[in-house]
Amino acid sequence: MSFTADQEELRRYARQWLDDKAPLTEVRRIMETDTGFDAALWKEMGELGWLGMAVAEEHDGAGYGFTELAVLGEEMGRGLFPSPFLSSVVMSAHLVASLGSETQRSEILPAIVRGDRRLTLAWVEGGDWAADSFSTQAADVDGVWRLNGAKRFVLDGHTADTIVVAASTAEGVALFLVEGDADGLTRTSLATMDLTRPLADLELTGVRGELLGTGEGSRPALASTIDRAVAFLAMEQVGGAQACLDMSVEYSKNRHQFGRPIGSFQAIKHMCAEMLVEVESARSAAYHLAKAVDADPGGAAIGAALAKAYCSEAYFHAAADTIQIHGGIGFTWEHPAHLYLKRAKSSELLFGDPVEHRERLAALLDI
């Protein structure tokens, strides 16, 4: 897959902005905060137009496709940038644009574009990432929708202004907008290994919800949105794996043992070569999926399953080998290698592990 000149310019500027505004020293500071993101940087991203990159112009967005989001995702993954971009822009804004009424779109989307309102999507219950059925129930009580249930592993769930909640109704699956400060909603931040990716559990007890759109088409829209999230995550994984490869090659050139660079030793050469092959293969899978999301959002399931399985393992292998190549210093808190390893592991499990996606791929291909 090749990118246009405009997309390459977006990549160049995004890398420069992230290097200047969010180097790893800043990432370390942000990940230790209660919110897990920097509000000033979030607003600046809105001013740059990134939060509305794939939002229609009629709702104050730029009107681009998913490929532009994918370019940003690769650069954010390269720098481990902590932000609600995946949960709010990639997933929730897409659902609101796809299913929301005109009033909901006009109210919510411009606020997301400005950085004034952050959303997230809550669908997982238990340990299953599949969006097949939900124990969370929604019932119309005297003209008001009330939700009861629990959601797990909600991205940025502790800070989102609004949560899109998947629930079962008498008519089937539907999506509801729930305000973050709603009565009966309890949000609990989770202690996670990867501090750059905040997660939360939600408990809903008689929580008031607003039906997103009419409820029609909620299930397929939710499934395609999860594939979209997987595609963005795959781009993040490629960016992170490339950063690990670059870090390893640079260290192999500069670290000397027995009077010569360690990169001259056959074992290190083999590790770097194998890492390169996996990173480039992961890039091919992720780029193909990004194009597929733009070309046929409803038909990206096969590419999503393949990319999630391969990119997850490629990133983790790259991060683990990076620590081994760096030796003792790679295990220290001061070195960034452990941050990439933790992000690689959390990304491997997010939205389902490689085994789940291989099983899904086999089912989709009927093999």
Side-chain angles (χ1 to χ4, degrees), residues 33-37 39 42 84 86-89 91-101 103-109 111-112 115-192 197-219 221-222 225-226 229 350-351:
T33 63
D34 292 337
T35 59
F37 77 101
W42 185 252
L86 173 55
S87 58
S88 189
V89 176
M91 300 173 73
S92 301
H94 175 70
L95 272 175
V96 172
S98 300
L99 296 177
S101 65
T103 299
Q104 289 169 334
R105 293 197 300 269
S106 298
E107 175 189 345
I108 297 172
L109 293 177
I112 292 176
D116 293 339
R117 191 168 179 179
R118 287 168 286 102
L119 279 72
T120 190
L121 173 62
W123 82 93
V124 181
E125 299 174 348
D128 188 1
W129 292 90
D132 296 330
S133 61
F134 304 101
S135 298
T136 301
Q137 299 291 318
D140 188 339
V141 181
D142 298 327
V144 176
W145 286 100
R146 296 288 179 182
L147 281 69
N148 291 277
K151 296 294 181 182
R152 301 209 64 197
F153 311 128
V154 182
L155 287 169
D156 308 296
H158 66 306
T159 58
D161 300 306
T162 304
I163 303 156
V164 182
V165 179
S168 295
T169 71
E171 289 74 34
V173 171
L175 296 168
F176 296 86
L177 299 169
V178 171
E179 294 307 308
D181 58 357
D183 292 338
L185 174 64
T186 302
R187 308 197 278 185
T188 305
S189 296
L190 298 177
T192 58
R197 185 86 77 188
L199 299 172
D201 283 350
L202 308 182
E203 293 284 343
L204 302 99
T205 306
V207 174
R208 183 186 184 112
E210 177 186 342
L211 184 64
L212 183 61
T214 62
E216 293 290 328
S218 292
R219 188 187 292 277
L222 178 59
T225 297
I226 296 170
L350 188 65
F351 308 141

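Just so you know, residue 1 is the first one in the sequence shown, and it goes up from there.
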In short, Arg146 meets Gly206 closest at the heavy-atom pair NH1-O, 3.2 Å

Measure the shortest side-chain to side-chain distance between Val173 and Trp123 over non-hydrogen atoms and say whether it is less than 4.5 angstrom.
no

Do the non-hydrogen side-chain atoms of Leu204 and Asn148 ever get within less than 4.5 Å of each other?
no

Treating His94 as the side-chain partner and Ala229 as the backbone partner, does any N or O pair qualify as donor plus acceptor under 3.5 Å?
no

Rounded to the nearest 0.5 Å, the CG atom of Leu202 sits from the OG1 atom of Thr186 at a distance of 9.0 Å

Return the CZ to CZ distance between Arg118 and Phe37, rounded to the nearest 0.5 Å.
3.5 Å

Side chains of Met91 and Thr120: does their closest heavy-atom pair fall under 4.5 Å?
no

Taking all non-hydrogen atoms of both residues, which atom of Asp140 and which atom of Gly143 are closest, and how far apart?
OD1-N, 2.9 Å

Residue pair Val165 / Val207, side-chain heavy-atom distance below 4.5 Å
no

Do Arg187 and Ile163 touch side chain to side chain, with heavy atoms closer than 4.5 Å?
yes

Would you name the heavy atoms of Gly217 and Leu99 that are closest together and state the gap between them?
O-CD2, 3.8 Å

Would you call Glu125-Arg152 a salt bridge at under 4.0 Å N-O?
no

Looking at Thr169 and Ala174, what are the two nearest heavy atoms and their distance?
CG2-CB, 4.0 Å

Gln137, CD atom: more than 12 neighbouring heavy atoms under 6.0 Å
yes

Approximate separation, where rounding is to 0.5 Å, of Leu121 CG and Leu222 CG
6.0 Å

Does a side-chain heavy-atom distance below 4.5 Å link Arg197 with Leu86?
yes

Distance (rounded to the nearest 0.5 Å) between Glu203 CD and Thr136 OG1:
9.0 Å

Keeping the roles fixed (side chain from Gln104, backbone from Gly213), state whether a donor-acceptor pair exists under 3.5 Å.
yes

Return the minimal non-hydrogen interatomic distance between Pro198 and Gly36, and the atom names on each side.
CG-CA, 4.0 Å

Does Arg117 pair with Glu179 as a salt bridge, N-O distance under 4.0 Å?
yes

How close do Ala167 and Leu147 get, heavy atom to heavy atom, and via which atoms?
CB-CD2, 4.5 Å

So, Asp201 side chain and Phe153 main chain: donor-acceptor pair closer than 3.5 Å or not?
yes

When you measure from the side chain of Ser168 to the backbone of Phe134, do you find a donor-acceptor pair of N or O atoms at a distance under 3.5 Å?
yes

Got Leu119 and Asp161 here, is their nearest side-chain heavy-atom distance under 4.5 Å?
no

